[in-house]
Structures are given as structure tokens and as C-alpha cells.
Student: 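Sharing a structure below in C-alpha cells format, with a few things to ask.
Since we're looking at a predicted model, the values are computed, not measured.
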Amino acid sequence: MTPEELLAARDRLVPDVAAGGLRVLFCGINPGLMSAATGHHFARPGNRFWPVLHLSGFTPRQLKPAEQDELLSYGLGITNVVARASARADEVSDEEFREGGRVLTEKVELLRPRWLAVVGITAYRTAFGERKATVGPQERTIGATRIWVLPNPSGLNAHWTARTMAEEFARLRAASLDEGEDLPAGR
């Protein structure tokens, strides 16, 4: 992909991978330029979303960004707090995050996933006005949908290794299973 092609992707939208009644709807901050250029979520090389999703047991193998539609067969989906693509998340204003939180709330009310998993603590805090939120399950719900904040899988997030991130994702996976339900990896 050329630098020109990436720059041309600025402000593009990446369609959600979503359906009603999902087990977990993962929510990124906003699409990066590589995601917007390819139309695939978490497409930038170095982003740890796809490896961590597999390491945590959500998928039976590591999916490639181009295979994102397979997530639906596992009861999983992807959306974003802010729909428009940018080179960096810090190009998104607080007002865009707050508006994104309102739009996301409407989307969750419509789709009714069991869990909304926001990947990025700062985006969650800003979008929902929860300044003291920490990684993990939140008290806030959207209707019957519970919320879990996960670490940002960007390669720039040096506070979390792929292993420690996978442990947090695995905590969500365990919580997303119905009591007594024993699904194999990736289900």
C-alpha cells in the first residue's frame, strides 16, 4: 500500500461486522488508515487484536483482517466508537468521542449484544464520561448489555504485552459464556 493510498483513506468509514444478539461486540477507537484503505478492522501490521483474540480463546485460529466476517459465526462482531478513519487516535476530538458514545449506545440498544467490549480505556472514559473507569467489567450497562473495557491492542500500547492482553480478553471470554455453557475455543 502506497503512502498516497493510505492518505486517501482519511475520513473513510469501515463497515461494522455486526448482527443482532452477538455474544461480544468489540468496539475499536476509530479505524486507522490501513483499515480504511482495506475495509478491514484492525488491519495495521503490528496491531495485536487478531493474535490476542486467538490467544484468549475467542477464535480457534488466528484470523486475518480479511477474514473478519468469520467473527459472526463465533457470536462476535466489531464496530468503532468513532466511525471516521484517521492516522492517529489523537486526531479525534473529545466531542467526536462523546457523539460516538451516543451513536454507539443507539447501536447497542438495537443489536443487543451480551457484552460490549471497548478496546481502549481513554476512548471509553471520554465517550461515556466515566473518567475513573479502569480496564475490566464496568458497572454501566446499555439495556441488558454489559460493558467490558479492554486494553488497546495497538502496537503503540507498550503497557500491555500480547500475553497480558490475552489474559484480559480471556477474562471477558469466560464472562461472556452463559453459566454452565462449555463452548470450545472460538465459540
Side-chain angles (χ1 to χ4, degrees), residues 14-31 35 40-44 46-81 101 104-105 107-125 127-128 130 133-187:
V14 178
D16 291 343
V17 175
L22 295 171
R23 189 161 46 106
V24 179
L25 178 61
F26 290 95
C27 181
I29 297 169
N30 77 308
S35 290
H40 303 123
H41 294 272
F42 301 104
R44 183 181 179 93
N47 189 296
R48 298 171 291 179
F49 178 80
W50 297 104
V52 166
L53 202 63
H54 170 62
L55 289 171
S56 64
F58 272 111
T59 60
R61 65 179 177 82
Q62 184 175 323
L63 299 176
K64 297 174 184 151
E67 299 173 308
Q68 65 186 15
D69 290 340
E70 287 186 35
L71 289 175
L72 296 173
S73 70
Y74 304 127
L76 309 173
I78 305 176
T79 189
N80 288 289
V81 176
L104 181 59
T105 296
K107 191 177 298 185
V108 168
E109 288 171 344
L110 177 69
L111 296 175
R112 299 173 44 203
R114 201 177 303 169
W115 285 90
L116 172 66
V118 180
V119 292
I121 187 71
T122 303
Y124 176 78
R125 287 175 177 162
F128 291 97
E130 299 278 346
T134 59
V135 168
Q138 306 301 303
E139 289 185 30
R140 173 190 290 261
T141 62
I142 300 173
T145 299
R146 306 251 346 253
I147 300 172
W148 196 293
V149 176
L150 292 167
N152 183 344
S154 167
L156 299 175
N157 182 0
H159 297 292
W160 291 80
T161 66
R163 184 182 64 64
T164 58
M165 202 175 296
E167 289 169 0
E168 189 62 30
F169 274 60
R171 287 181 59 218
L172 168 60
R173 180 181 180 270
S176 74
L177 299 174
D178 286 333
E179 191 173 308
E181 183 178 11
D182 186 27
L183 295 176
R187 291 300 292 157

Student: Between the side chains of Ser56 and Arg173, is a donor N or O closer than 3.5 angstrom to an acceptor N or O?
Tutor: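 There is no such pair (donor and acceptor under 3.5 Å, judged by atom type) between the side chains of Ser56 and Arg173.
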Student: With a 4.5 Å cut-off on side-chain heavy atoms, are Val81 and Tyr124 touching?
Tutor: no
Student: If I compare all heavy atoms of Ile121 with all of Ala133, which pair ends up nearest, and what's the gap?
Tutor: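 Nearest heavy atoms, Ile121 then Ala133: CD1-O, 3.4 Å.
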Student: Within the 4.5 Å heavy-atom criterion, are Pro113 and Val108 side-chain neighbours or not?
Tutor: yes
Student: How far apart are the closest heavy atoms of Ala18 and Leu111, and which atoms are they?
Tutor: CB-CD1, 3.8 Å
Student: Tell me whether Glu167 is salt-bridged to Arg171, with the criterion being a basic N under 4.0 Å from an acidic carboxylate O.
Tutor: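 Salt bridge flag = no for Arg171 with Glu167.
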Student: Compare all side-chain heavy atoms of Leu72 with those of Val17 and state whether any distance is below 4.5 angstrom.
Tutor: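 Result yes, sub-4.5 Å side-chain heavy-atom pair found.
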Student: Look at the side chain of Glu70 and the backbone N and O of Glu67, then say whether any donor-acceptor pair between them is shorter than 3.5 Å.
Tutor: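 Pair absent, no side-chain N/O of Glu70 close to backbone of Glu67.
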Student: Out of curiosity, Arg23 CZ to Leu76 CG, how far, rounded to the nearest 0.5 Å?
Tutor: 5.5 Å
Student: Dump the intermediate steps for side chain to side chain contact (heavy atoms under 4.5 Å, CB included) on Leu116 and Ile142, then the final yes or no.
Tutor: CA-CA 9 Å; Leu116 172 66; Ile142 300 173; 4.1 Å; yes
Student: Could you check whether Trp148 and Glu168, counting side-chain N and O atoms only, form a donor-acceptor pair closer than 3.5 Å?
Tutor: yes
Student: How many angstroms lie between atom CZ of Phe128 and atom OG1 of Thr105, to the nearest 0.5 angstrom?
Tutor: 4.0 Å
Student: Using side chain to side chain donor-acceptor pair (under 3.5 Å) as the criterion, point out the one residue from Arg125, Gln138, Arg140 that pairs with Glu130.
Tutor: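 Exactly one option meets the side chain to side chain donor-acceptor pair (under 3.5 Å) with Glu130, and it is Arg140.
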Student: How far apart are the closest heavy atoms of Arg114 and Ser176, and which atoms are they?
Tutor: NH1-O, 2.5 Å
Student: Should Arg163 and Leu55 count as side-chain neighbours, where that means a heavy-atom distance under 4.5 Å?
Tutor: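 Contact flag for Arg163/Leu55 side chains = no.
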Student: How far apart are the C-alpha atoms of Val119 and Asn152, what are their side-chain angles, what is the distance that settles it, and do they pass the side chain to side chain contact (heavy atoms under 4.5 Å, CB included) test?
Tutor: CA-CA 5 Å; Val119 292; Asn152 183 344; 5.7 Å; no
Student: Shortest non-hydrogen contact from Pro31 to Val14?
Tutor: CB-CG2, 3.7 Å
Student: Any donor and acceptor pair, going by atom type alone, linking the side chain of Thr161 with main-chain N or O of Thr164 inside 3.5 Å?
Tutor: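 Side chain of Thr161 to backbone of Thr164, a donor-acceptor pair under 3.5 Å: yes, one is there.
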Student: Let me confirm one number: the CZ-CG distance from Phe42 to Leu63, rounded to the nearest 0.5 Å.
Tutor: 13.0 Å
Student: Quick one: pull up CD1 in Ile147 and CG in Leu104 and give me the separation to the nearest 0.5 Å.
Tutor: 8.0 Å
Student: Minimum heavy-atom separation for Ala162 and Val52, please, with both atom names.
Tutor: O-CG2, 3.8 Å
Student: Would the distance check show the side chain of Gln68 and the main-chain N or O of His41 forming a donor-acceptor pair, the cut-off being under 3.5 Å?
Tutor: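 Present.
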Student: What's the spacing between Leu22 CG and Trp115 CH2 if we round to 0.5 Å?
Tutor: 15.0 Å
Student: Measure the CZ-CD distance between Arg146 and Glu139 for me, rounded to the nearest 0.5 Å.
Tutor: 9.5 Å
Student: Locate the shortest heavy-atom distance separating Leu150 from Ala117; write the atom from each residue and the value.
Tutor: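 Shortest heavy-atom separation between Leu150 and Ala117 comes out as CD1-CB, 3.8 Å.
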Student: Would you please test Phe49 and Phe58 for ring-ring contact (aromatic ring centres under 6.0 Å, His included) and show each step?
Tutor: CA-CA 11 Å; Phe49 178 80; Phe58 272 111; 9.0 Å; no
Student: Got Leu71 and Ile78 here, is their nearest side-chain heavy-atom distance under 4.5 Å?
Tutor: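 They are in side-chain contact.
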Student: Taking Thr79 for its side chain and Cys27 for its backbone only, find out whether a donor-acceptor pair lies under 3.5 Å.
Tutor: no
Student: Keeping Arg44 on the side-chain end and Ser35 on the backbone end, is there a donor-acceptor pair under 3.5 Å?
Tutor: no
Student: Side chains of Pro153 and Trp160, heavy atoms from C-beta outward: is any pair under 4.5 Å?
Tutor: no
